[in-house]
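A note on names: the letters A, B, ... follow the listed sequences, proteins ahead of strands, and every chain is numbered from 1.
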There are 2 protein chains.
Amino acid sequence: MLETNPNPNLDEILIRSARLMAHRGYHGTSMRDLAEVTGRSLSGLYHYFEGKEDLLYLINKRGFSSLLDLAEDLREAGFGPTEMLKGLINRHIGFFVDHLDEMRVMMFGTLELSKDRGREINRLKEVYRQNVQEIVQAYIAEARGSGLSEVELARKTYLLFGMMNWIFGWYSSGAHGTPEDLADDIFRTFTEGCAAG
Amino acid sequence: MLETNPNPNLDEILIRSARLMAHRGYHGTSMRDLAEVTGRSLSGLYHYFEGKEDLLYLINKRGFSSLLDLAEDLREAGFGPTEMLKGLINRHIGFFVDHLDEMRVMMFGTLELSKDRGREINRLKEVYRQNVQEIVQAYIAEARGSGLSEVELARKTYLLFGMMNWIFGWYSSGAHGTPEDLADDIFRTFTEGCAAG
DNA sequence: TTGAAACCCGAACGATCGTTCGTTCTTTTT
DNA sequence: AAAAAGAACGAACGATCGTTCGGGTTTCAA
């Protein structure tokens, strides 16, 4: 987070709201539901944001900003391509597992946001994606000696995102190993294929 | 499809409804919206299903049944593990691209369905997943000579699903190659890693 | 030509939606 | 102690929701 935490109450409201929205969707979750689950009255909620859309915006912005910070911290560490890719997958999966509900909300899409806010969130997403893409590019360039075309590189990056983000639908740490196991599996599968090891 | 097409009108209603629901979500799409987009009156819609939830159920059931048919047809073809895996990815991606909107609706989850219907759809999903898992297992067994543990195998299968299903969020045939290119890329990445070729 | 079935409609129902209003209680600042 | 700001509330607003009802067409086999 860039700014110092301005309001611990708002933090908890966002987390509890995301938990509900993750399972019922944005339109499927009413302000009355959110009031109940946050232990406040319906009208009392409006002290913290201007409206329901505001809440979705805040969840998205905080989530993607955190992911972006994680990625930029990592790049400053100055690892080599392999360690960089491995570290990125680890951090992405770690954050994902720690914030499963917010992540779920973030993948439902930003289509319910206003035009301006939708654009702002999409910009964050795109910056993060480019960060990851450059790490993938560096890894591939080292591993095979030559780079990939723009189209192929973008596609490979999206495939990596697919493996990482799809876990929202199936992963439970009890049945599918620790987050570290999972991150390692994704790294090995992405770099060497499913029969590696 | 198992039964012969019973109603071409219903087919078109489902397709148009899925197109709308794919972009606004289930709760975000009203019966009035659906009436307008299908060129019918609000009450006229109820001639084709008992209620809104019915519509979501039908979209899910038809979609997963078709996918399942595709997989079972393939298995009857009696290919070897490699051709089987390649064929499965190709069919899955092909169907996905041809029915992008319905697929989007199907991934929003079955949580808005009644308990019984949710279970029925989840059963279809699980059967399909097991079909794919057995194909993955056969491929890995051949490629590395030994099998994988249950946990590892399930994880690998989910990673493959991740690469295939995540395309709902980014793929456009104009910017990212043909569906065949995409399917081939997924096959190669899953079997040999991102630096293959 | 009659009758049943399939198809379609306008109008309205009660319920719930997001939001606003005026007010009260509590905490912080002066 | 007085004033200002923060936090919370019940009650109500107009709008929209999914669904139902009673009645219309159209289609086509008997």
Ring pair (Phe, Tyr, Trp, His ring centres under 6.0 Å) partner of B/Phe168, the single match among B/Trp166, B/Trp170, B/Tyr171: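 Going through B/Trp166, B/Trp170, B/Tyr171 one by one, the ring pair (Phe, Tyr, Trp, His ring centres under 6.0 Å) with B/Phe168 is satisfied by B/Trp166 alone.
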Residue whose closest nucleotide on DNA chain C lies nearer the 5' end, B/Asn9 versus B/Leu42: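 By nearest-heavy-atom nucleotide position, the 5'-most residue is B/Asn9.
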Across the strands shown, which category fits [X] at heavy-atom distances under 4.0 angstrom: base, sugar-phosphate, nothing?
{"X": "A/Thr38", "value": "nothing"}
{"X": "B/Ser30", "value": "sugar-phosphate"}
{"X": "B/Arg40", "value": "sugar-phosphate"}

Polar side-chain atom of B/Asn60 near backbone of B/Leu56 as donor-acceptor pair, under 3.5 Å: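 Checking the backbone N and O of B/Leu56 against the side chain of B/Asn60, a donor-acceptor pair under 3.5 Å is found.
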DNA chain D contacts made by residues 43-58 of chain A, counting heavy atoms under 4.0 Å: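 Output list: A/Ser43, A/Gly44, A/His47, A/Tyr48.
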Opening and closing nucleotides of DNA chain D in contact with chain A, under 4.0 Å to non-hydrogen atoms: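 It runs D/dG6 to D/dA12.
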Short N-O contact, A/Arg24 and A/Asp33, less than 4.0 angstrom: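 Salt bridge flag = yes for A/Asp33 with A/Arg24.
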Cationic N near anionic O, under 4.0 Å, B/Lys86 to B/Asp184: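 Looking at B/Asp184 together with B/Lys86, the answer is no, because their closest N to O distance does not fall below 4.0 Å.
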Mutual orientation of the aromatic rings belonging to A/Phe187 and A/Tyr139 [parallel < 30°, tilted 30-60°, perpendicular > 60°]: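 A/Phe187 and A/Tyr139: perpendicular rings.
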Stacked cation flag A/Arg129 on A/Tyr158, 6.0 angstrom / 45 deg: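 Yes, cation above the ring, under 6.0 Å and within 45°.
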A/Lys52 to A/Tyr26, cation-pi by 6.0 Å centre distance and 45° axis angle: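 Positive - A/Lys52 is close enough to the ring of A/Tyr26 and near enough to its axis.
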For B/Phe79 against B/Met84, the heavy-atom pair lying closest together: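 Reported closest heavy-atom pair: O-CE, 3.7 Å.
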